[in-house]
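Keep in mind the model is a prediction, meaning the values are calculated, not measured. Naming: A, B, ... by sequence-line order, numbering from 1 per chain.
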There are 2 protein chains.
Amino acid sequence: MSRTREDLVAVALRLLDAHGLADVSMRRVAGELDLQPSALYHHVASKQELLGAVADEVLRRGARPRGAVTWDERVVEVAHELRDAMLAYRDGAELVSTVIAFGLGATQPLEDLTAALGDSGLDESLVPTAARTVLHLVLGHTIEEQTHLQAGSAGAIDADPLPADFGTGLGFVVDGIRARVAEGSTAM
Amino acid sequence: MSRTREDLVAVALRLLDAHGLADVSMRRVAGELDLQPSALYHHVASKQELLGAVADEVLRRGARPRGAVTWDERVVEVAHELRDAMLAYRDGAELVSTVIAFGLGATQPLEDLTAALGDSGLDESLVPTAARTVLHLVLGHTIEEQTHLQAGSAGAIDADPLPADFGTGLGFVVDGIRARVAEGSTAM
DNA sequence: ACCTGAACACCGTTCAAGT
DNA sequence: ACCTGAACACCGTTCAAGT
């Protein structure tokens, strides 16, 4: 039977979780599918496109029902969902960050944050910046957290404390946005 | 004459700025110095160590005299210095972020932010998280800004607006930290 | 449409041997 | 101490040819 794009994504995701991002190569993916490397290019245009699809799959699998009603609780909810989705796969945070940086996928989190902040009453010219500020914090924190966790699980005496607390860092940013929301509404 | 470690760093920095991070390879650096690739390993232990030294050099060259006296002005000053230092070299933000993530250098910015926040009156247990929150924002924002600027200079009709404003995003974070400082001092 | 086989132009790193 | 030469074990991508 002929392989599908979904087969490539599934194999790449398995290699990612088992061996890390550095071991997700086109040649390895092809080998797992008993194909020549060149055959992959019938299903994806490039390795970057494949990684984009893998990142989207990581986020899709981490999707959860949302319960928050206020904008600030919604932002915190989306941030936690994103973090947990990335932590669920080895090198997940590095993968998603890379894909976002190169503009090849993983656009949902920014859209969700933008939607939540659109309901905040924040001046609409500030919404894109606020959404990106939250996104950058979540990505940066989670890369650091995951590196730390993976380093701990492979060796070390075990479980020294994380260098930063996610909820606290997120609180700084949300509090800063909230202050600007209040400022805007009193100026009206 | 025999080459020094500083020669490798200088060549790598030149390749970085001229061709981008992807073109900084051990073989290219060796070629520029008329050396065999294996000869580089007499001066650095690995490519990662060389990139760490290059990142430190980028930051060293971007160092400026500091004028701010209050903790919040100092944080903003350090943040702008870091951003400008990275923007001064092609792929500078990606390089510094990678080096920080892998723990191979570029430790000065976090130290500077930690020092500034140590004078804020913020509960000392929150200082590491606050410093990292600022650092993650600066790195994430600047990677995005530099990608956008480099994409614009290579092609496009030119200069569409940046997706986020640095000062505004930094303001959200600093305001959030300031709110916690105020909270701590009233609780005392 | 899907795949093979072969090639092109590369990588980082190790190690015996030379001076 | 510093470097060469050769090797090892890889990369992403293209393209003519097969079925």
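If you check the side chains of A:D56 and A:Q108, you find no donor sitting under 3.5 Å from an acceptor. Checked by atom type, the side-chain pair B:T147/B:E144 shows no donor-acceptor distance below 3.5 Å.
Think of the region where chain A sits on DNA chain D: with heavy atoms and a 4.0 Å cut, that region ends 5' and 3' at D:dC11 to D:dC15.
A salt bridge does not link A:D112 with A:R74: none of the charged nitrogens is closer than 4.0 Å to a carboxylate oxygen. Between A:R64 and A:E77 there is no salt bridge, since none of the side-chain N atoms of the basic residue sits less than 4.0 Å from a carboxylate O of the acidic one.
Base pairing analysis places C:dG18 opposite D:dC2; the two distances defining the Watson-Crick or G-U wobble pair are each below 3.5 Å. The pairing partner recorded for C:dC11 is none, the criterion being a Watson-Crick or G-U wobble arrangement whose two distances lie under 3.5 angstrom.
Sequence order on DNA chain D of the closest nucleotides to A:D23 and B:R3 puts B:R3 first from the 5' end.
Using a 4.5 Å cut-off between side-chain heavy atoms of Ile, Leu, Val, Met, Phe, Trp and Tyr, A:V69 forms no hydrophobic cluster with any other residue.
Taking both residues in full, the closest heavy atoms of A:P109 and A:L135 are given as CB-CD1, 4.2 Å, listed atom of the first, atom of the second, then distance.
With a 4.5 Å cut-off on side-chain heavy atoms, B:L117 and B:V75 count as touching.
For DNA chain C, the neighbouring residues in residues 28-47 of chain A, judged by any heavy atom under 4.0 Å, are A:D34, A:L35, A:Q36, A:S38, A:A39, A:H42, A:H43.
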Original post:
Do B:R5 and B:E49 pass the salt bridge (charged side-chain N to carboxylate O under 4.0 Å, His left out) test, and can you show the C-alpha distance, the side-chain angles, and the key distance before you say yes or no?
Top reply: CA-CA 11 Å; B:R5 194 181 205 269; B:E49 186 183 301; 2.7 Å; yes
